[in-house]
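Down below is the structure, laid out as structure tokens.
Every chain is numbered from 1, with letters handed out A, B, ... down the list of sequences.
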2 protein chains.
Amino acid sequence: MDVQRLELLRELAERHSVTAVARATHRTPSAVSQQLKVLEREAGLPLTERSGRGLVLTDAGRALARSATDVAVALERATAVWDEFRNRATGEVSLVTFPTAGQMLLPGVLQQLAAHTGLIVKCTDMDPELSDFPALTSDFDIVLAHSMRGQVPWGGRGLTVVPLMTEPLDVGLPTDHRLAGRASVGAADVVGETWIGVPDGFPFERIVHEIEQQGGGRVQVSQRFADMRLVEAFIMAGLGIALVPRYTSGGSQPGRLVLKPLRGVDAERQIVALMRPDRAERLAVRTVIDALRTRAARVQAEHTS
Amino acid sequence: MDVQRLELLRELAERHSVTAVARATHRTPSAVSQQLKVLEREAGLPLTERSGRGLVLTDAGRALARSATDVAVALERATAVWDEFRNRATGEVSLVTFPTAGQMLLPGVLQQLAAHTGLIVKCTDMDPELSDFPALTSDFDIVLAHSMRGQVPWGGRGLTVVPLMTEPLDVGLPTDHRLAGRASVGAADVVGETWIGVPDGFPFERIVHEIEQQGGGRVQVSQRFADMRLVEAFIMAGLGIALVPRYTSGGSQPGRLVLKPLRGVDAERQIVALMRPDRAERLAVRTVIDALRTRAARVQAEHTS
DNA sequence: ACGTCCATGTAGCCAAGCTACACGATGGGT
DNA sequence: ACCCATCGTGTAGCTTGGCTACATGGACGT
């Protein structure tokens with residue numbers, strides 16, 4: 001029973017295609033196919049089935065892939081042991097973020113991690129609109145994702161979830177708005193306004209529905225943007241109001257945008273780090289995660305004081 | 001990070017010698033030495049140290065060997081998964097026993113396991129006097145061992161321990177003995193007798209000391225034997241009395257030996273199965289263990305009714 | 001019906017890991 | 001104090017497992 005082969009099976013379970021596995025593991029499809037065949041012969045029962053053009057795993061294949069994860073975890077834990085003996089995290093850690101979290105956390109994190117020589121962090125940003133967060137864990141060590149409170153759609157998939165911070169979502173208004181003087185606003189105050197929304201399927205969506213229910217009316221959404229800068233620009237131009245994450249707003253032109261807490265509505269988003277459990281064991285990865293957590297805590301502390 | 005190499009390091013941790021590892025893994029010492037060297041180069045820190053003629057592990061080496069066990073467990077669990085998918089335990093299971101336990105349990109176990117085609121159980125017996133039970137787990141899948149109540153000297157070593165049964169230790173008397181009519185005997189009744197003992201270092205020893213303390217005197221030990229048949233022969237010849245495990249006695253010449261429970265003394269031995277944790281995960285091994293447990297339960301039930 | 005994409009065979013190459021043998025070092029036995 | 005058994009470790013050379021390159025056949029979309 002070879003670990004490499006198990007790893008291949010696990011990749012196949014995630015990527016659903018021999019060619020995709022081959023690309024991800026820097027091999028030819030032929031090599032992957034051959035190894036899977038050997039694994040099946042060893043197992044003595046079919047692990048894969050043809051399904052049209054591609055391959056799917058059988059029940060046995062899925063079960064084996066699942067326990068392959070445990071093997072990978074144990075292995076990574078072993079390498080972490082000796083990393084700890086050398087007292088240094090080493091190697092490359094890849095990370096994807098959505099723009100706002102990256103802007104808020106990454107500069108500070110990378111400055112903090114500069115002290116660790118030999119630790120290289122490769123960051124990428126990805127539009128949350130296009131990205132399926134759990135799927136990204138196949139290609140990146142750490143995936144920064146956001147979700148609404150309580151809602152953890154990635155628990156069941158066997159992924160490791162590390163909560164980083166919960167960020168309140170406020171209502172962003174232009175400084176000359178009629179509500180700009182209030183300390184906070186309620187659903188009834190804002191339900192009649194023109195809104196700038198987020199693309200369909202975004203977690204914020206649920207909050208807008210809640211405002212409609214509590215405020216008793218229909219929200220008018222004039223535009224839908226994924227990029228917060230764009231949203232803020234529209235607010236400041238007086239073209240509508242919008243939900244804005246509290247810690248990441250402003251920056252561009254302070255003084256022309258005010259944020260008002262939303263009373264009576266559970267308006268928070270959780271920012272979490274998502275990882276494949278084996279990746280989460282690496283000392284280098286854990287070091288980055290620690291830096292992310294301390295940085296997130298500091299950001300939150302700075303805003304509450 | 002290769003699993004094979006980790007396995008080698010783990011074997012080295014158990015056997016304390018490259019040549020021993022080579023013998024156990026059917027390789028030349030040179031091959032083992034080379035692989036360990038590669039592992040050290042990968043780790044970037046020394047894992048072994050010369051100590052006279054042999055090798056000892058450094059702290060880092062021991063830590064790594066420990067986590068190598070977790071890897072092995074995960075791997076065996078994976079193969080167990082597919083064994084379960086085929087619904088049959090297969091392969092060879094090696095087992096060592098001390099004579100009395102083997103006599104009591106193994107025939108029934110092997111009869112029960114005859115139903116499992118493809119499952120081969122290789123049994124060996126070994127004099128408990130000569131054997132270091134924990135050390136035997138390096139060479140056998142299952143080690144049947146005995147110990148006194150509460151006393152579990154093999155807990156700390158990271159071995160898997162499965163309790164099979166607790167067997168009372170009675171006082172064996174010839175039928176014409178002056179105490180043969182009693183329902184039970186106390187320490188004071190037997191402390192003045194001539195005893196047949198067990199070799200030094202045997203767990204029974206502690207009970208003899210307890211008899212001396214409670215009975216208030218010194219026990220006279222005329223002979224020391226490891227084999228119970230021999231002990232029983234001496235008892236029946238009127239040459240002394242001895243502690244005899246209740247379930248395994250008799251058989252040879254019933255009617256010339258009687259057993260009397262010992263009042264006020266904690267005279268029991270525990271029979272347990274000892275395994276290396278990775279071996280314990282194999283479905284074949286677990287099947288044999290299950291058979292041992294049901295057989296042990298039946299033996300115990302037959303004697304109490 | 002055609003082209004494209006996918007999985008999978010076959011031949012051949014490369015490297016990892018083994019054996020065989022030799023050498024220096026250590027420690028017990030006489 | 002010597003000798004010799006034993007242990008770990010180098011070096012040379014072979015075997016084999018796993019890869020690439022290329023070819024083949026089946027499934028889907030247009």
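Of the charged side-chain nitrogens involved, at least one lies within less than 4.0 Å of a carboxylate oxygen, so that D139(A) and R15(A) count as a salt-bridged pair.
When each of R5(A) and L55(B) is assigned the nucleotide of DNA chain D with its nearest heavy atom, L55(B) is the one assigned upstream, toward the 5' end.
Of the residues listed (D278(A), V71(A), L75(A), D2(A)), the one engaging E7(A) in a side-chain contact (heavy atoms from CB on, under 4.5 Å) is D278(A), and it is the only one. Checking K122(A), R286(A), R282(A) one by one against D141(A), the salt bridge (charged side-chain N to carboxylate O under 4.0 Å, His left out) holds for a single residue, R282(A).
In this structure, R279(A) contributes its side chain and F140(A) its backbone to a donor-acceptor pair below 3.5 Å.
A donor-acceptor contact under 3.5 Å is not formed by the side chain of T19(A) with the base of dA7(C).
Across the protein-nucleic acid pair, L8(A) atom CG and dA7(C) atom C1' stand 14 Å apart, rounded to whole Å. Nucleotide dC18(C) holds its P atom 16 Å from the NZ atom of K37(B), rounded to whole Å. Between the CD atom of Q34(B) and the C1' atom of dA22(C) there is a distance of 14 Å, rounded to whole Å. For R15(A) and dC6(C), the CZ to C1' distance is 17 Å, given to the nearest whole Å. To the nearest angstrom, P of dT8(C) lies 13 Å from CD of Q35(A). Remark: C1' of dC6(C) and CZ of R27(A) are 19 Å apart, rounded to the nearest angstrom.
T19(A) and S17(A) share a donor-acceptor pair across their side chains, judged by distance under 3.5 Å alone. A side-chain donor-acceptor contact under 3.5 Å links R269(B) and T100(B). A donor-acceptor contact closer than 3.5 angstrom links the side chains of E14(A) and S138(A). No side-chain N or O of E11(B) forms a donor-acceptor pair with one of T25(B) less than 3.5 Å apart.
Between dG27(C) and R53(B), no contact under 4.0 Å exists linking OP1 or OP2 to a side-chain N or O. Contact between the side-chain N/O atoms of S30(A) and the OP1/OP2 oxygens of dT8(C) is not found at any separation under 4.0 Å.
Nucleotides of DNA chain D that come within less than 4.0 Å of any heavy atom of chain B span, from the 5' end to the 3' end, dA5(D) to dT11(D).
The bend of the helix from dA1(C)-dT30(D) to dT30(C)-dA1(D), defined by the angle between the axes of its first five and last five pairs, stands at 30° to the nearest 10°.
Of all nucleotides listed (dG17(C), dT19(C), dA7(C)), dT19(C) comes nearest to the side chain of T28(B).
H26(B) comes within contact range of the sugar-phosphate backbone alone, with a heavy-atom separation under 4.0 Å but no base atom that close. Within the 4.0 angstrom heavy-atom criterion, no nucleotide atom of any strand lies near Q4(B).
With sequence neighbours excluded, no residue forms a side chain to side chain donor-acceptor pair (under 3.5 Å) with Q4(A).
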